[in-house]
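Notes follow the structure.
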Number of protein chains: 2
Amino acid sequence: MVKKKNILVVEDDKNISKLLRYNLEKSGFNCFSVITGEDALEFLDVSPVDLIILDVMLPKMDGFETCKQIRKEDNLAAVPIIFLTAKGEEVDRIVGFELGADDYVVKPFSPRELILRVKAIINRGKPVEDDRTILSVGNLVVDIARHKVLVEKKEVLLTMMEFKLLVLLLKRIGRVQSRESLLNDVWDISSDVTTRTIDTHIKRLRQKIGRSAGMIETVRGLGYRFKDDEE
Amino acid sequence: MVKKKNILVVEDDKNISKLLRYNLEKSGFNCFSVITGEDALEFLDVSPVDLIILDVMLPKMDGFETCKQIRKEDNLAAVPIIFLTAKGEEVDRIVGFELGADDYVVKPFSPRELILRVKAIINRGKPVEDDRTILSVGNLVVDIARHKVLVEKKEVLLTMMEFKLLVLLLKRIGRVQSRESLLNDVWDISSDVTTRTIDTHIKRLRQKIGRSAGMIETVRGLGYRFKDDEE
DNA sequence: TTTTATGTGTCAAAAAAGTGACATCACTGT
DNA sequence: ACAGTGATGTCACTTTTTTGACACATAAAA
């Protein structure tokens with residue numbers, strides 16, 4: 001599981017701030033919010049974030065000024081910033097790079113759009129991992145992009161959890177995975193699933209992959225392991 | 001002497017942009033360059049070109065979105081576009097792009113190769129896209145240019161959204177498309193539609209293509225996938 | 001044999017997808 | 001301007017599938 005990205009929202013309208021926080025959290029980001037530009041600088045001083053959403057119209061120091069101050073800090077100069085602006089506000093200055101904004105969204109905005117833009121920026125430049133990766137061991141073939149699993153050339157239908165579990169075991173082939181680590185990596189960190197539940201999923205997985213079931217080995221007292229290509 | 005062809009380069013990296021301009025000019029093209037997708041649209045609005053070289057990773061509006069916007073303009077819908085993409089970037093989206101890139105080049109590229117591709121497309125007169133205008137899978141035939149769909153030789157009338165959705169699924173045949181990604185590529189980023197809306201469109205699409213409905217597979221927890229016609 | 005860790009069948013709750021109905025909105029032709 | 005039409009997006013409700021948890025059966029250590 002990838003580490004969650006941190007986002008700082010600088011917005012004086014409580015409602016908007018709350019709306020943003022709600023949506024960002026829902027999309028899997030850690031979200032912090034402050035009211036003023038000064039607060040923002042103070043906050044950033046101690047805990048840098050991965051992206052900043054900055055309202056243009058703020059009490060005292062406005063968004064532009066705040067942005068400029070942020071850019072002054074060496075370790076913050078490269079942090080992506082998305083401006084929130086009311087319609088008709090000085091879009092020109094934002095667009096013109098003068099301030100090094102990475103994007104801007106006009107209020108009233110749709111949360112979905114904002115989230116998309118945030119994701120676009122966060123993921124910018126990152127190759128799409130996993131996509132089109134095909135894992136193949138023994139008579140087992142797993143195509144991640146297609147979400148297909150073949151056992152001896154025949155397709156086997158796996159559910160999400162089974163699929164994830166299988167992929168993880170394959171990626172860490174040969175190494176024992178404790179139930180705890182499987183929980184961490186296959187399930188959400190926050191989920192409160194019993195470790196024994198994993199056994200149930202392993203059972204189902206073994207049933208479905210039939211002939212290859214033996215490839216998933218039980219390591220008593222430790223966890224499970226996908227057998228390294230047999231000899 | 002034939003009139004020189006005009007080419008627009010949309011690229012935010014100054015060096016690459018310069019390199020391109022130099023080589024294109026040397027090969028006898030008129031070359032213009034802009035930094036952002038927005039600039040590109042503005043430029044094209046007043047002076048249409050014969051070909052566009054478009055970086056995928058741009059500040060603010062990315063290459064995909066820019067392409068979508070360009071294709072929206074009637075007089076620009078047919079302009080050939082070559083994408084510049086970093087290795088590992090979403091080639092998938094490019095080849096399967098609903099609005100169709102004409103070609104793409106992976107960075108770092110050799111100027112010579114790019115020039116060759118540019119010439120190939122300019123001289124072809126017709127973009128590569130035309131070759132693939134007709135998608136045919138099983139008993140389903142989709143003619144993109146004519147916006148016609150045949151199921152078992154009989155025409156089926158699809159609405160715009162249904163059509164786009166179908167084409168996208170077909171171009172990415174076999175690969176699972178998440179609702180999110182469908183929203184991104186079939187709808188506009190600014191449009192604010194629920195992911196569940198896609199289900200409704202899928203439903204309607206399935207109804208209309210009748211016998212072939214089964215070709216659109218549901219992948220629980222992930223999205224939809226058009227059945228690969230193998231085995 | 002006793003103890004402990006896994007394997008398994010079953011079940012209810014939860015999650016995801018299918019579907020029909022309805023409200024809008026943009027167009028069309030009158 | 002206005003009713004008529006069809007495309008779209010949302011919702012509420014239904015149906016289907018997946019998941020997590022147990023209780024009990026088994027197999028491995030001690």
Side-chain angles (χ1 to χ4, degrees), chain A residues 26 110-113 147 149 156-169 176-180 182-210 212-227, chain B residues 72 147 149 155-169 176-210 212-227:
Chain A
K26 209 175 59 176
S110 89
R112 196 186 80 84
E113 183 184 350
H147 196 267
V149 175
V156 165
L157 300 176
L158 297 188
T159 68
M160 269 304 258
M161 286 309 185
E162 289 154 8
F163 193 84
K164 284 197 204 169
L165 187 56
L166 177 58
V167 168
L168 194 85
L169 286 171
V176 181
Q177 301 303 309
S178 70
R179 292 187 172 65
E180 284 73 24
L182 288 174
L183 271 191
N184 267 321
D185 299 336
V186 175
W187 278 260
D188 279 336
I189 311 107
S190 51
S191 90
D192 52 346
V193 183
T194 306
T195 52
R196 276 318 297 290
T197 295
I198 287 172
D199 297 40
T200 299
H201 282 271
I202 291 281
K203 169 193 63 180
R204 290 175 183 146
L205 194 48
R206 280 173 171 160
Q207 276 171 357
K208 290 198 183 177
I209 63 176
S212 302
M215 308 278 288
I216 299 176
E217 301 176 304
T218 302
V219 181
R220 230 183 144 71
L222 287 179
Y224 297 96
R225 168 177 61 190
F226 203 97
K227 196 151 124 200
Chain B
K72 265 190 192 161
H147 196 275
V149 177
E155 178 162 8
V156 166
L157 299 176
L158 297 188
T159 69
M160 194 57 95
M161 285 307 176
E162 288 155 8
F163 189 80
K164 283 194 195 176
L165 189 55
L166 177 59
V167 170
L168 193 81
L169 286 171
V176 180
Q177 302 302 309
S178 70
R179 291 185 173 67
E180 280 295 320
S181 99
L182 288 173
L183 274 190
N184 265 320
D185 296 337
V186 175
W187 279 261
D188 279 335
I189 194 174
S190 53
S191 94
D192 193 10
V193 288
T194 309
T195 51
R196 285 301 257 106
T197 296
I198 287 171
D199 296 42
T200 300
H201 283 272
I202 290 281
K203 172 191 63 180
R204 291 175 183 147
L205 195 47
R206 279 174 171 158
Q207 278 170 356
K208 290 199 184 176
I209 63 175
S212 303
M215 306 282 285
I216 299 176
E217 302 177 301
T218 302
V219 181
R220 231 149 208 277
L222 281 181
Y224 296 96
R225 170 181 62 190
F226 204 97
K227 198 178 197 156

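Excluded from the calculations below are hydrogen atoms, water molecules and symmetry mates; all remaining heavy atoms, backbone and side chain alike, are included. So you know, we letter chains A, B, ... as the sequences are listed, proteins then strands, and number each from 1.
- Atom CG of B/Asp185 sits about 9.0 Å away from atom OG of B/Ser178, to the nearest 0.5 Å.
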When every nucleotide of nucleotides 11-19 of chain D is labelled 5' to 3' by its protein contacts under 4.0 Å (heavy atoms), B for base, S for sugar-phosphate only, - for none, what sequence of letters results? B----BSSB
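- The nearest whole Å value for the distance from the CG atom in A/Leu165 to the C1' atom in D/dG20 is 14 Å.
- Computed from coordinates, the B/Phe163 CZ to D/dA7 C1' distance equals 16 Å when rounded to whole Å.
- Residue whose closest nucleotide on DNA chain D sits further toward the 5' end, between A/Lys203 and B/Lys203: B/Lys203.
- Relative to the axis of its first five pairs, the axis of the last five pairs of the helix from C/dT1-D/dA30 to C/dT30-D/dA1 sits at 30°, rounded to 10 degrees.
- The side-chain hydrogen bond (donor to acceptor under 3.5 Å, both in side chains) test with B/Glu162 singles out one residue from B/Lys208, B/Gln207, B/His201, and that residue is B/Lys208.
- Not a single side chain to side chain donor-acceptor pair (under 3.5 Å) links B/Thr194 to another residue, sequence neighbours left out.
- Between A/Tyr224 and A/Leu165, the closest side-chain pair of non-hydrogen atoms is not below 4.5 Å.
- Taking the salt bridge (Lys or Arg N to Asp or Glu O under 4.0 Å) definition, one finds that B/Arg225 meets it with B/Glu217, sequence neighbours left out.
- Atoms NZ (B/Lys164) and P (D/dA7) sit 15 Å apart, rounded to a whole Å.
- Taking the side chain to side chain donor-acceptor pair (under 3.5 Å) definition, one finds that B/Thr200 meets it with nothing, sequence neighbours left out.
- Heavy-atom contacts of chain A under 4.0 Å fall on DNA chain C between two terminal nucleotides, which in 5' to 3' order are C/dT4 to C/dT10.
- Across the protein-nucleic acid pair, B/His147 atom NE2 and D/dA7 atom C1' stand 12 Å apart, rounded to whole Å.
- Residues A/Arg179 and A/Ile198 come closest through the heavy atom pair O-CD1, 3.1 Å.
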